[in-house]
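To start, the structure under review is shown below, and the notes come after it.
Heavy-atom basis, side chains included; hydrogens, waters and symmetry copies ignored.
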Amino acid sequence: MSSQNQGRVKNRAPAPIQISAEQILREAAERQEQHVLDPIVKIHDAEEYQSHLRDRRKHFEDNIRYRREHIGNWVKYARFEEDNREFERARSVFERALEVDVRNPQLWLRYAELEMRNEFVNRARNVLDRAVQLLPRVDFLWYKYVYMEEMVGDIAKCRAVFDRWMEYAPDDNAWMSYARFEGRCGHWDRAKDIMKQYANAYPSARSFLRFAKWAEYEAKDTDLARTVYESALVELEPEESRQARVFSRFAAFEERQGEHERARVIYKHAIKLLHLGQESEKLDGEEEVPQWEQEKRNELYKAYIAFEKKRGDQSGIEDIVIAGQRAEYEKRVTADPTDYDAWFEYAKMEEENEAQSSDNNRVREIYERAIANVPPSTQDKQHWKRYIFLWIYYSLYEELQCHDLYRASKVYDACLDVIPHPKFSFSKIWINAAKLHIRRKDLVSARKLLGKAIGLSGKERIFTEYIALELALGEVDRCRALYSNYLKAMPHNCRAWSKYAQLEKSVGETERCRAIYELAVSQTALDMPEMLWKNYIDFEIEEGEGDKARRLYERLLEKTRHVKVWISFAQFEGTEAGKGIGAARDTFNRAHDYLKEAGLKEERVLLLDAWRVFEKTNGDAQTLAKVDSMLPRRVKRKRMRTDEDGAELGWEEYFDYHFPNDEDTNSANLKILEMAAKWKQAQQAQADSSSDDDDSDDDFFGGCFM
């Protein structure tokens with residue numbers, strides 16, 4: 001049977017032993033090949049140095065020839081020449097690269113940085129000038145250009161470059177950079193003129209707001225900032241001037257300047273103009289407000305409320321706000337009683353307001369109304385997941401806010417009565433309720449509740465939490481009883497077997513631990529048997545029982561002949577607990593013979609790699625050479641791909657391995673194929689000659705009877 005037919009999946013039913021994501025990741029990490037570093041080249045004289053340069057240049061030229069359009073090859077080549085102080089060659093490389101892709105801005109940037117790093121200012125200026133002429137819409141080339149001119153201290157040329165840039169109408173950041181440059185030079189009048197040009201070039205709310213912010217924080221001119229804000233409200237188009245962020249920034253500016261009355265007037269004007277605090281209804285003659293603008297308006301209204309809280313009558317404003325929010329939540333929960341997110345937000349709002357009103361009944365009323373809306377379906381657990389958190393938050397509120405542990409416990413009891421346990425259950429409810437009993441110092445009730453949870457739910461998390469509780473209390477016998485029930489319910493759970501064995505090991509019960517491992521590996525179905533066998537073998541090695549560990553390896557090899565088991569067995573033999581290096585080599589030989597007979601080539605390669613690493617560490621040159629002689633040669637081949645019905649899909653390439661020990665068999669097969677081809681050619685030639693004789697006889701008899 002071919003390897004392709006072996007890989008085809010005929011039975012698509014789920015396998016009894018599932019492979020976990022953890023196992024896949026662990027195997028992928030173990031099968032990663034080690035990164036091989038390039039050898040370090042040491043140069044002793046000028047001749048070797050020139051030879052090294054020729055070799056490296058040939059390498060770069062070959063890369064460029066293979067992939068001429070790949071700019072990274074050009075940049076690496078130029079950087080190599082720069083590192084060797086061959087600047088003319090580096091420039092030549094960049095010029096050649098520009099012939100390939102002259103509109104690549106990154107290439108121009110690297111070219112200019114080369115000149116700048118080596119302090120060739122005029123050459124860098126020429127390169128950047130060429131770049132911005134060719135690509136005037138690429139901003140970072142202009143940024144690099146003005147940065148270089150400013151760094152060399154040529155303010156006039158830097159300003160000239162900025163002026164050239166502004167002719168192309170760049171974005172906002174370019175104008176801001178020009179103004180900040182003039183500010184760094186101390187020319188604030190020039191900077192203000194530039195910002196005015198910017199606002200005139202882009203008459204929008206964004207430009208005016210940036211102008212005002214610059215005037216306030218950088219130019220320190222509050223009068224100019226106020227003038228800009230006022231101009232934004234007067235000069236801009238209505239769709240720009242009526243944006244909520246204009247009023248928000250203006251009012252915040254006045255508040256920072258201590259002009260609280262001016263800020264209040266701005267807020268009231270915005271409320272009147274934009275209809276803040278009202279239902280978002282479309283008025284006659286007014287365009288529909290986008291969603292993002294409506295959100296900004298809501299934020300502006302919240303800012304006004306916050307302002308009044310600080311500067312006005314606090315109690316009145318808070319009552320208005322809370323009443324509005326309460327009406328909104330009531331509307332939501334009335335429209336959809338099972339909208340549990342609305343109930344969460346409603347209860348949180350009431351909890352936050354509780355500190356001022358000191359009314360616990362309102363919060364409890366909200367929670368009671370919320371938990372009364374039981375999901376309509378008792379068959380689908382998905383609908384209950386959000387509902388359960390209402391009970392959890394209710395209990396946390398009673399415990400943390402009201403400090404009433406008894407009521408919190410009653411909340412959990414009521415929740416457990418509501419959940420349809422024959423259909424499904426929630427382990428978090430059982431666990432949280434039990435932990436609450438523990439905080440109440442009622443250990444008996446916690447144990448009863450967890451025991452009931454095991455009987456009704458039987459989830460793994462409940463077992464683990466119960467065992468952790470008893471282990472923290474030092475009740476080892478109770479832990480053993482729980483582990484027994486745990487394993488009766490889930491005999492396939494390898495993690496449970498391992499934890500049980502580790503418990504016995506931690507209390508010094510070696511024989512119990514060994515018996516648990518023996519019982520575990522004898523199970524017919526396990527979810528992660530490799531973890532269980534590994535823990536068992538590691539336990540025997542830690543106990544110094546090398547013979548028992550060896551027998552475990554032999555038993556494991558009877559169940560599976562995986563190459564990783566062979567490698568681990570051989571490595572074990574090479575340790576102090578094993579029989580020594582010779583036994584390890586014998587194990588490697590056994591594994592190699594088995595894999596050779598089974599025809600598992602890739603597994604043989606993995607085995608030989610591990611064997612080679614072992615010989616490097618523990619062997620000598622002779623044994624290492626022996627293993628190296630067994631390494632295969634990788635060959636690329638072609639084969640026909642077919643689908644499930646056997647139809648041909650085309651040829652595909654794959655890698656095959658030729659081992660030195662298998663060459664005799666392969667050569668014999670090739671000779672047989674060659675002899676068969678010659679025999680077929682001889683038969684074809686004989687058939688052609690016989691057909692020629694028959695044609696000549698027909699011609700003779702035909703001529704006699706004419």
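Heavy atoms from other residues, nucleotides or ligands lying under 6.0 Å from NZ of K534 number 12 at most. K579 NZ: 12 or fewer foreign heavy atoms inside a 6.0 Å radius. Within a 6.0 Å sphere centred on CZ of R495, other residues, nucleotides and ligands contribute 12 heavy atoms or fewer. Applying the 6.0 Å contact sphere to CZ of R110 captures no more than 12 heavy atoms from other residues, nucleotides or ligands. Summarising the local packing, CD of E576 is surrounded by 12 or fewer heavy atoms from other residues, nucleotides or ligands at distances under 6.0 Å. Y147 OH: 12 or fewer foreign heavy atoms inside a 6.0 Å radius. Shown here is E602, whose CD atom has no more than 12 heavy atoms of other residues, nucleotides or ligands within 6.0 Å. No more than 12 heavy atoms of other residues, nucleotides or ligands shown are found within 6.0 angstrom of CD1 on I19.
For K505 and E543, the salt-bridge test fails: no basic side-chain N is under 4.0 Å from an acidic carboxylate O. In this structure, E573 pairs ionically with R550, as a charged nitrogen and a carboxylate oxygen lie closer than 4.0 Å. A salt bridge does not link R590 with D586: none of the charged nitrogens is closer than 4.0 Å to a carboxylate oxygen. One finds a salt bridge joining R91 and E88 here, because a Lys/Arg side-chain nitrogen approaches an Asp/Glu carboxylate oxygen to under 4.0 Å. A salt bridge links R130 with E95; the closest basic N to acidic carboxylate O contact falls under 4.0 Å. Contact check on E30 versus K564 returns a salt bridge, with a Lys/Arg side-chain nitrogen under 4.0 Å from an Asp/Glu carboxylate oxygen. Using a cut-off of 4.0 Å between Lys/Arg side-chain N and Asp/Glu carboxylate O, R26 and E530 are scored as salt-bridged. D609 has no carboxylate O lying under 4.0 Å from a charged side-chain N of R612, or vice versa, which leaves the two without a salt bridge.
Annotation: side chain of V521 is not in contact with side chain of W497 (no heavy-atom distance under 4.5 Å).
A donor-acceptor contact closer than 3.5 angstrom links the side chains of S425 and W430. There is a side-chain donor-acceptor pair under 3.5 Å between Y49 and N84.
Checked against a 6.0 Å centroid threshold, the rings of F120 and F87 count as neighbours.
The residue from K626, R585, Q622 that alone fulfils the side chain to side chain donor-acceptor pair (under 3.5 Å) condition with E615 is R585. Here the rule is side chain to side chain donor-acceptor pair (under 3.5 Å) with N63, and of H59, R65, R67 only H59 fits it.
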Just do the side-chain contact (heavy atoms from CB on, under 4.5 Å) check on Y553 and S568 with the steps written out, would you?
-> CA-CA 9 Å; Y553 271 117; S568 179; 2.7 Å; yes
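The aromatic rings of F424 and F426 stand perpendicular to each other, their planes meeting at an angle above 60°, with 30° marking the opposite boundary.
Taking L608 as the reference, H592, W611, M630, L631, P632, F659 meet the side-chain contact (heavy atoms from CB on, under 4.5 Å) condition, with sequence neighbours excluded.
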